[in-house]
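Structure first, commentary second.
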There are 2 protein chains.
Amino acid sequence: MAAGRELLEEGGPDALSMRRLAGRVGIRAPSIYKHLADKEALEVALIVDGLREFGELCEAAVAGADDPLAALAVAYRSWAVAHPHLYRLINDRPLPRDRLPEGLEARAGAPLVAAAGRDPDRARAAWAFAHGMVMLELTGRFPPGADIGAAWREGVRALASPEAV
Amino acid sequence: MAAGRELLEEGGPDALSMRRLAGRVGIRAPSIYKHLADKEALEVALIVDGLREFGELCEAAVAGADDPLAALAVAYRSWAVAHPHLYRLINDRPLPRDRLPEGLEARAGAPLVAAAGRDPDRARAAWAFAHGMVMLELTGRFPPGADIGAAWREGVRALASPEAV
DNA sequence: GACAGAGGCGAACAGCGTTAGCTACTCTGT
DNA sequence: ACAGAGTAGCTAACGCTGTTCGCCTCTGTC
């Protein structure tokens with residue numbers, strides 16, 4: 001639902017209300033329920049859309065990169081800071097896995113596993129680092145003078161697969 | 001406010017409502033505003049309380065540890081998984097810094113800087129890793145078979161300060 | 001005894017997700 | 001061509017949320 005994504009990206013999670021969505025598409029609130037089961041269904045639709053887009057960008061970044069992990073890190077952060085509200089919607093709650101298409105999450109994570117040298121623990125550590133960096137940046141944790149790029153380079157270098165060093 | 005913390009820790013963020021808090025302390029909702037300016041003031045009080053407690057535990061963990069970074073990692077995760085809703089309340093939004101006591105955040109971060117060998121970029125990378133690991137765990141991102149401890153060890157080892165290796 | 005302040009109260013407002021029940025249009029089957 | 005089904009809109013309403021208003025009552029002070 002393009003209108004829902006607009007609401008979310010323009011006004012944050014508080015702006016993503018069923019009534020606002022209805023108003024945006026020119027109908028009244030209850031009529032929304034003829035198209036969407038409930039608000040969770042709206043969020044799932046946005047999550048699916050965002051996760052697919054995000055996964056494709058990560059795949060493209062890793063494919064044919066000299067340093068896959070560094071390229072993935074840049075792509076990861078770029079998308080997250082460009083779509084902060086959607087990134088947080090995707091990551092805020094435990095995913096309603098039964099309402100999510102099978103394999104979507106695995107596909108979004110595949111580039112990371114590939115870039116991390118196929119060690120799942122290392123891949124999870126790298127994912128946690130990237131997610132943490134993004135969340136700390138999005139929630140304004142880094143002080144004004146902090147060199148966010150340097151912290152990224154530090155983490156990517158430390159977590160690079162041994163055979164890449 | 002102990003009652004507020006109980007509400008949050010027992011029932012999550014949805015349970016933390018002004019009306020519920022009022023009911024918990026035996027008064028009606030509007031009377032709450034004779035004691036609290038608004039809901040943000042309640043959240044700030046919980047954040048301050050939680051951040052102080054969290055900071056003290058981290059300080060204690062680092063003090064006199066053989067491997068400060070590893071000890072800090074254990075203490076960090078332990079507190080977060082023991083108080084998931086409070087941890088998320090502290091970290092979810094940009095902090096209303098003007099409503100927070102001066103220096104509280106800096107004090108909570110001091111153990112990390114100490115453990116990370118005084119390199120601020122490395123400290124931020126380590127913080128991001130720890131925060132990311134906790135958030136991924138709390139939001140159920142790791143599949144059932146994942147070895148969370150191994151991922152922690154991987155990250156802590158990779159991000160340990162060079163002089164500690 | 002008058003007065004101020006603190007701390008309770010009910011009523012109310014706007015906004016939220018959601019449901020029930022009604023209506024109107026459009027498509028399909030005979 | 002007409003009946004029936006399904007689609008998609010509507011209003012009204014419920015219970016919940018944070019919050020404000022005005023009122024009342026108690027308590028301490030001069």
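The figures that follow rest on heavy atoms only: side chains count, while hydrogens, waters and symmetry mates do not. Order of the sequence lines fixes the chain letters, A, B, ..., with proteins taken first and strands second; residue numbering starts at 1 for each chain.
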Below 3.5 Å, can you tabulate the donor-acceptor pairs from side chains in residues 25-33 of chain A to any protein atom, sequence neighbours excluded?
none

* To do: Give the ring-plane orientation class for Y87(A) versus Y76(A), where under 30° counts as parallel, over 60° as perpendicular and anything between as tilted.
  => perpendicular
* To do: May I have the step-by-step check of side chain to side chain contact (heavy atoms under 4.5 Å, CB included) for D92(A) and R88(B), ending in yes or no?
  => CA-CA 10 Å; D92(A) 261 359; R88(B) 296 197 61 171; 3.7 Å; yes
* To do: Go through the steps for D147(A) and R124(B) under the test salt bridge (Lys or Arg N to Asp or Glu O under 4.0 Å), then give the verdict.
  => CA-CA 9 Å; D147(A) 188 342; R124(B) 283 189 263 273; over 6 Å; no
* Structure fact -> Separation between CD (E9(B)) and NE2 (H83(B)), nearest 0.5 Å, reads 5.5 Å
* To do: Report yes if the distance between the aromatic ring centroids of W127(B) and H131(B) is under 6.0 Å, otherwise no.
  => no
Please tabulate, one pair per line, each protein N/O and nucleotide N/O from nucleotides 5-8 of chain C that are separated by under 3.5 Å, including the distance.
{"residue": "dG7(C)", "atom": "N7", "partner": "K34(B)", "partner atom": "NZ", "Å": "3.2"}
{"residue": "dG8(C)", "atom": "OP2", "partner": "H35(B)", "partner atom": "NE2", "Å": "2.9"}
{"residue": "dG8(C)", "atom": "N7", "partner": "K34(B)", "partner atom": "NZ", "Å": "3.1"}
{"residue": "dG8(C)", "atom": "O6", "partner": "K34(B)", "partner atom": "NZ", "Å": "2.8"}

* Decide yes or no on side chain to side chain contact (heavy atoms under 4.5 Å, CB included) for I47(B) and L104(B), but give the supporting numbers first. => CA-CA 10 Å; I47(B) 290 172; L104(B) 177 66; 5.8 Å; no
* **Integer-rounded Å distance: dC16(C) C1' and D14(B) CG** => 12 Å
* Asked: Rounded to the nearest 0.5 Å, what separation is found between the CZ atom of R153(A) and the CD1 atom of I148(A)?
  -> 11.5 Å
Measure all distances between protein nitrogen or oxygen atoms and nitrogen or oxygen atoms of nucleotides 18-21 of chain D, and list the pairs falling under 3.5 Å.
{"residue": "dG18(D)", "atom": "OP1", "partner": "M18(B)", "partner atom": "N", "Å": "3.0"}
{"residue": "dG18(D)", "atom": "OP1", "partner": "K39(B)", "partner atom": "NZ", "Å": "3.4"}
{"residue": "dG18(D)", "atom": "OP2", "partner": "M18(B)", "partner atom": "N", "Å": "3.0"}
{"residue": "dG18(D)", "atom": "N7", "partner": "R19(B)", "partner atom": "NH1", "Å": "2.4"}
{"residue": "dG18(D)", "atom": "O6", "partner": "R19(B)", "partner atom": "NH2", "Å": "3.2"}
{"residue": "dT19(D)", "atom": "OP2", "partner": "Y33(B)", "partner atom": "OH", "Å": "3.0"}
{"residue": "dT19(D)", "atom": "OP2", "partner": "K39(B)", "partner atom": "N", "Å": "2.8"}
{"residue": "dT19(D)", "atom": "O5'", "partner": "Y33(B)", "partner atom": "OH", "Å": "3.4"}
{"residue": "dT19(D)", "atom": "O4", "partner": "R19(B)", "partner atom": "NH2", "Å": "3.4"}

